[in-house]
2 protein chains.
Amino acid sequence: MVDIAARVWNHKWKIDPIVRSLIDTDFYKLLMCQSIFRNRPDTTVTFSLINRSHSVRLADLIDEGELREQLDHVRSLSLTRGESTWLRGNTFYGKRQMFRSDFMEWFEGMRLPAYHLEKRDGQYELTFEGSWPEVMLWEIPALSVLMELRSRAVLQKQGRFELQVLYARAMTKLWEKIALLREIDGLKIADFGTRRRHSFLWQDWAVQAMQEGLEGKFTGTSNCLIAMRREMEAIGTNAHELPMVYAALANSDAELAQAPYQVLADWQEEHDGNLRVILPDTFGTAGFLKNAPDWLASWTGMRIDSGDPATAAELAIQWWKERGEDPKQKLVIFSDGLDVEKIVELHNQFRGRVKVSFGWGTMLTNDFRGLAPDDGLAPFSVVCKAIAANGRPTVKLSDNPSKAMGPADQIERYKRVFGVGDQVAQPLVV
Amino acid sequence: MVDIAARVWNHKWKIDPIVRSLIDTDFYKLLMCQSIFRNRPDTTVTFSLINRSHSVRLADLIDEGELREQLDHVRSLSLTRGESTWLRGNTFYGKRQMFRSDFMEWFEGMRLPAYHLEKRDGQYELTFEGSWPEVMLWEIPALSVLMELRSRAVLQKQGRFELQVLYARAMTKLWEKIALLREIDGLKIADFGTRRRHSFLWQDWAVQAMQEGLEGKFTGTSNCLIAMRREMEAIGTNAHELPMVYAALANSDAELAQAPYQVLADWQEEHDGNLRVILPDTFGTAGFLKNAPDWLASWTGMRIDSGDPATAAELAIQWWKERGEDPKQKLVIFSDGLDVEKIVELHNQFRGRVKVSFGWGTMLTNDFRGLAPDDGLAPFSVVCKAIAANGRPTVKLSDNPSKAMGPADQIERYKRVFGVGDQVAQPLVV
């Protein structure tokens with residue numbers, strides 16, 4: 001039987017929207033948004049899309065009109081009643097009413113601000129400027145739109161069965177990874193792959209496959225919409241955006257040096273337990289730990305997001321020991337450049353020494369390597385970052401010089417202030 | 001949107017029927033049925049299911065109640081108006097009105113006769129007895145029902161995503177075969193896989209994938225229902241059943257020796273062109289060709305269905321030359337135990353020397369080897385054959401002694417009458 005009404009309803013769509021909900025975003029964006037809304041609501045920021053994979057010429061692949069339609073559609077979205085109810089009523093990390101009423105009222109009325117789009121040298125220049133709590137919510141939908149438009153462009157020429165086999169191969173590939181992960185005793189792993197997913201439907205499939213295949217070893221997804229629909233845990237804490245903007249707002253080198261700690265001081269006023277996770281690498285992990293105030297050592301864990309992960313985790317363990325803490329009680333979340341082999345290796349190296357956990361991103365939700373001609377669906381490294389705050393440029397150093405960003409003179413200044421010496425470059429896969 | 005009506009309609013089914021149409025069968029069954037209806041309508045035959053793969057204990061795997069429900073459902077089927085219209089109005093092998101009016105009137109009123117089912121030693125004894133043109137139509141649905149009930153039994157315990165990945169793997173496997181076949185210049189290949197398919201839906205998928213992947217190299221399917229729905233050519237000519245029953249009805253050794261040629265004499269009264277295809281191996285190819293009447297040499301081609309296919313094809317080429325025919329103008333159809341490697345090998349060996357064509361069966365529609373625990377979905381060798389005609393046992397020798405059937409004394413008699421000497425046994429995969 002043909003569902004005529006459904007067919008006719010589908011005909012009414014002018015586009016097939018990529019982002020259909022404001023909570024089709026990472027959970028940590030909402031936590032950070034509330035923190036910003038409370039602590040720094042009047043900051044003006046500029047976010048910009050940065051495609052670190054120059055060989056992927058997005059402006060040649062993606063039609064500008066289609067891109068504008070998708071971005072315009074995202075701007076038309078507002079929080080639905082059910083989404084609002086879920087955010088207000090759900091238990092996150094064991095806590096009820098994670099989101100305060102004043103924040104929720106603001107969020108219910110929020111629409112994403114205007115974007116600025118230009119083509120240059122085969123790439124799109126896509127920027128967002130305005131109030132920090134609003135602009136920062138563009139990050140994930142902007143990335144999702146670009147990633148999925150690129151997938152659609154590459155897939156456009158394929159036949160019906162060719163397409164089905166392409167997805168069959170992708171499913172098989174992911175399932176084989178899940179079969180390997182299932183064998184790991186005591187594994188804890190979550191989906192962190194929203195930002196660079198192949199498509200929404202594919203992320204949704206991947207997350208459900210993880211749930212069936214890994215059962216209790218799969219701890220949840222960073223994607224709020226999928227967490228809501230699939231009744232899973234929403235996972236995430238905070239990101240580089242906070243120290244980057246706090247640092248840019250600093251009025252002196254002394255204030256700059258304190259900025260990363262100020263972020264966490266603000267954070268711990270609101271959050272405890274598993275939400276007290278340090279992200280130490282924004283301006284170099286070693287210096288961050290060395291100069292950290294003592295109260296930080298009592299936090300629950302650390303997220304390792306750049307550089308060599310084993311080196312950073314050893315650094316963390318050493319630091320906890322020096323500060324009189326028991327590393328066995330601490331959580332280490334690995335979230336950078338993971339695939340199964342790396343996960344197995346890190347798990348074996350650190351199990352029993354710390355509580356190990358993984359936030360698996362691109363290789364969970366976008367491992368289409370080898371599945372299209374000229375590897376046209378291989379994931380690539382695109383980010384959407386705060387590049388300025390109140391007119392001042394932001395800087396990120398991280399533990400991998402390939403991920404550094406900001407004006408050269410400011411990078412030098414930050415390196416000096418944070419005592420960053422030589423760094424080892426890691427290849428950027430995604 | 002949920003299509004409520006469709007859901008409620010589905011609830012009304014007591015079972016999920018495996019065979020939903022009387023033309024979900026091989027095209028050659030209908031051609032042969034018409035020939036029998038015209039030439040030997042009063043013959044009484046017994047057909048019996050024979051599972052040559054003793055290790056697959058069907059009666060342990062398949063519930064007897066479910067089997068009876070499925071077989072009863074097949075007995076409830078009659079030709080629909082659309083199916084009748086297609087058979088009457090379609091062009092088969094370039095010919096209109098392939099099926100005569102008297103046959104179609106009989107077929108429209110036909111219901112499949114009763115079956116007899118018993119369990120013995122972990123196997124089902126399933127037999128059909130009655131009028132030849134009716135009983136012979138049980139062959140394909142009986143096999144389809146058993147094959148698919150076995151697939152369902154094995155798949156019953158799998159999770160939702162596990163199942164999806166299983167089919168993803170099967171699709172990938174088949175698509176890789178198609179990719180290899182696509183490279184073969186001048187390939188002609190058809191689906192002959194109805195009888196031992198994994199399931200109806202899977203055969204339908206496989207046929208459509210072949211159509212998209214091979215385009216003109218894919219010449220059609222032996223399955224009438226799929227041919228009708230997908231607007232493809234229905235492919236097939238005749239089978240061992242005719243000489244086996246004609247031979248059993250012979251009243252002397254002299255009549256027996258002539259029986260295989262009598263079949264073809266009857267056949268050529270009705271059919272010409274690409275339907276004049278000799279199946280020479282029922283009682284040994286060498287003897288059949290040696291003693292064949294001269295008029296047979298003018299037939300269009302030969303189907304190679306047992307023994308070593310290259311040997312049999314060389315024999316055919318030699319025979320055509322001896323009878324003054326140009327092998328280049330002759331069609332050789334390989335249809336036994338084919339998979340891609342064998343297809344490539346035979347195509348390379350015979351292209352340019354004859355017109356080569358392939359009827360690809362089980363490894364097209366049921367290659368689930370390695371996809372379930374304990375290889376529980378690997379295809380197995382089950383047939384449904386005429387074992388008696390008018391109270392006399394039938395015999396098949398073929399060019400592979402592993403495929404011989406019939407009482408030992410009759411096998412000896414047939415070997416003597418048809419001058420069959422030593423034969424080389426070929427392993428029976430499916």
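Letters A, B, ... mirror the listed sequences (proteins, then strands); counts begin at 1. Since the model is a prediction, treat every value here as computed from it, not as a measurement.
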* Step through the shown structure and confirm whether more than 12 heavy atoms of other residues, nucleotides or ligands are within 6.0 Å of CD on B:Glu341. => no
* Structure fact -> When rounded to the nearest 0.5 Å, the distance separating CH2 of A:Trp175 from CZ of B:Phe161 is 8.0 Å
* To do: Can you establish whether the number of heavy atoms outside B:Ile4 located under 6.0 Å from its atom CD1 is more than 12?
  => no
* B:Ala5 portion near chain A, given a 4.5 angstrom heavy-atom threshold -> both
* Structure fact -> Expected contact set for residues 202-213 of chain B against chain A at heavy-atom separation under 4.5 Å reads B:Trp205, B:Gln208, B:Ala209, B:Glu212
* Taking every non-hydrogen atom, the tightest pair across B:Met171 and A:Val165 -> O-CG2, 4.1 Å
* Asked: More than 12 non-hydrogen atoms from neighbouring residues, nucleotides or ligands closer than 6.0 Å to CZ on A:Arg229, yes or no?
  -> no
